[in-house]
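Both ligands and their constituent atoms are indexed starting at 1 by order of listing. Just so it is clear, the values below take in all heavy atoms, side chains as well, and ignore hydrogens, waters and symmetry mates. All residue numbers in this chain count up from 1 along the given sequence.
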Amino acid sequence: MSKRVAVISPAPTANGDLHLGHLAGPFLAADVYTRYQRAAGRETVFGTGAQDTSTFVVTTARRLGTTPEALVADSTARIEATLAAMGIEVDGFSRDEDRFTKLVLDFVSRLHSAGKIVLKPARFPFLPSTGEYLVDGYVKGGCPVCLTEGCAGLCESCGHSSAAGDLIDPRSTEHPDAVVEMREVPVLVLPLEEYRTRLKEYFASSGAALRPHMAQAVQEMLDSPLPDLPITYPISWGIPAPFPEVAGQTINPNAETMAWSIYTTALGAEKRGELLAADDQLWWPEAETEVVYFLGFDNTFPFAIAGAAMLLALGDRYALPAGFVTNEFYELEHQKFSTSRGHLVWGQDLADRLPRDVGRFHLAATSPENQRTNFGWGALEAVTGARLIEPWNRVAAKAEQWAGQTLPVSAASRFAADRITQRFAATYQLPAFSLGRAAETLAEQLGRLDRWQVTAELAGDFYHQLEAVLRGAAPILIDLAAAALDDTAVRLRDETTEITPKVLPRLTGGAV
Ligand SMILES: [Zn+2]
């Protein structure tokens, strides 16, 4: 067993608040995984943040008529508040800070001085009317791999990287009718192809436990020559590159992924009271940290392919991540969430309208783990009412008649509690981690307690198993578990011989 677990969810772009797609995708899963690991006795740090170096910050700010700096400050505060409102407890939260900038520059400078990154001419669309080179969020066109229309950098649809210069029919996102020229500019790149064989070995061994869509994308990417990863871009937004041969260029945000991961892990460990000898200490092989990512499918390339290659390029200094848990898109009333069209539900709205345990249960039950899933208010009311709120309230009412009495617990009930613990454990652990099955296990076990015709003789057993179910559900039902249980530690072998039922809180559906 490793010494420590580092859970990481890539920082969302600081160009708005978090909507339910963000929460039902990586963030709730990362929080639940973190809570379970801790309950099972493993030191765990969870890191995310707000990403401000993305070009989407600039494009959104222009659309809203504000400055990128003001948008970053506002979005960062909102993202942090929404995570807190939903009980997603983050240890390391990265933001626009000098210490992060320094870590990124140290990281790329190490690659540079080791001769791993090289100067190469690359093609970029250029907008003569503004004098801007177009990368990532500045440019739209057809994906050279899957033909889907989208921005450059990463394709949301197939997950492959799509260099701006390779887009089919590239157009400026801000000035779609303006004439675009192709120009060649020397930029620093990491030739990923040099690492393809070792990446294949890595995914064949440690990284084998991938969800099917990511497994397919990784195989596609590693079956053909890999592209160069631009380390610098000829644009002004971002961290200025410290190399004279690319004066005036900035660091590609997708080349920051590992420096950022190291940074957020260090912040998280410090917040949990650890004193680190160096910011990157937890990533050294001897630290034996098990790094697990929870990420949208479209982050496969920058974190799993380019990210692992950057670590390999630095030799034996760093261990590679142990796991990647991807998610697909979450839809609202059967259409993709869209901030620009206003087709979305903010995380904060859900937190305001419902007890957060109910919201967390529904997001878990409908989590888009392997394919797109749908959110709708009607479905939320029906699903949480029938599978959580009503059975829980009946079970709590049934238990209440014995509140305050000390009751015996039988050997058969200890056996049953161990079975319940095992059923939940199977859903919370890699490689089969699944929020959906955790929610389903909870609903099944609650249904069983609900149907149980409890006699006075077995009242102790009933309450004992109720506690076992709540202990299993504790990573999802955080407030109920905190109110009802003395502790949420996972008990692999239950040794309870007597128990004293409490008056349990009831759940409400809120104002859906
Ligand atoms: Zn594509």
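- Between Tyr263 and Phe100, the angle of the ring planes lies from 30° to 60°, which puts this pair in the tilted group.
- Counting only protein atoms, the N, O or S atoms lying less than 2.8 Å from the Zn ion (ligand 1) are Cys143 SG, Cys146 SG, Cys155 SG, Cys158 SG, ordered by chain and residue number.
- In this structure, Pro240 and Leu105 approach most closely via the heavy-atom pair O-CD2, 3.6 Å.
- Using bins of under 30°, 30° to 60° and over 60° for the plane-to-plane angle, the ring pair Phe375/Tyr330 lands in the tilted bin.
- Ring orientation note: the planes of Tyr293 and Phe303 are tilted relative to one another, at an angle of 30° to 60°.
- Judged as a side chain to side chain donor-acceptor pair (under 3.5 Å), the pairs with a partner in residues 123-134 (not counting sequence neighbours) are, in order, Arg62-Glu132.
- No hydrogens or angles considered: a donor-acceptor pair under 3.5 Å links the side chains of Thr265 and Trp283.
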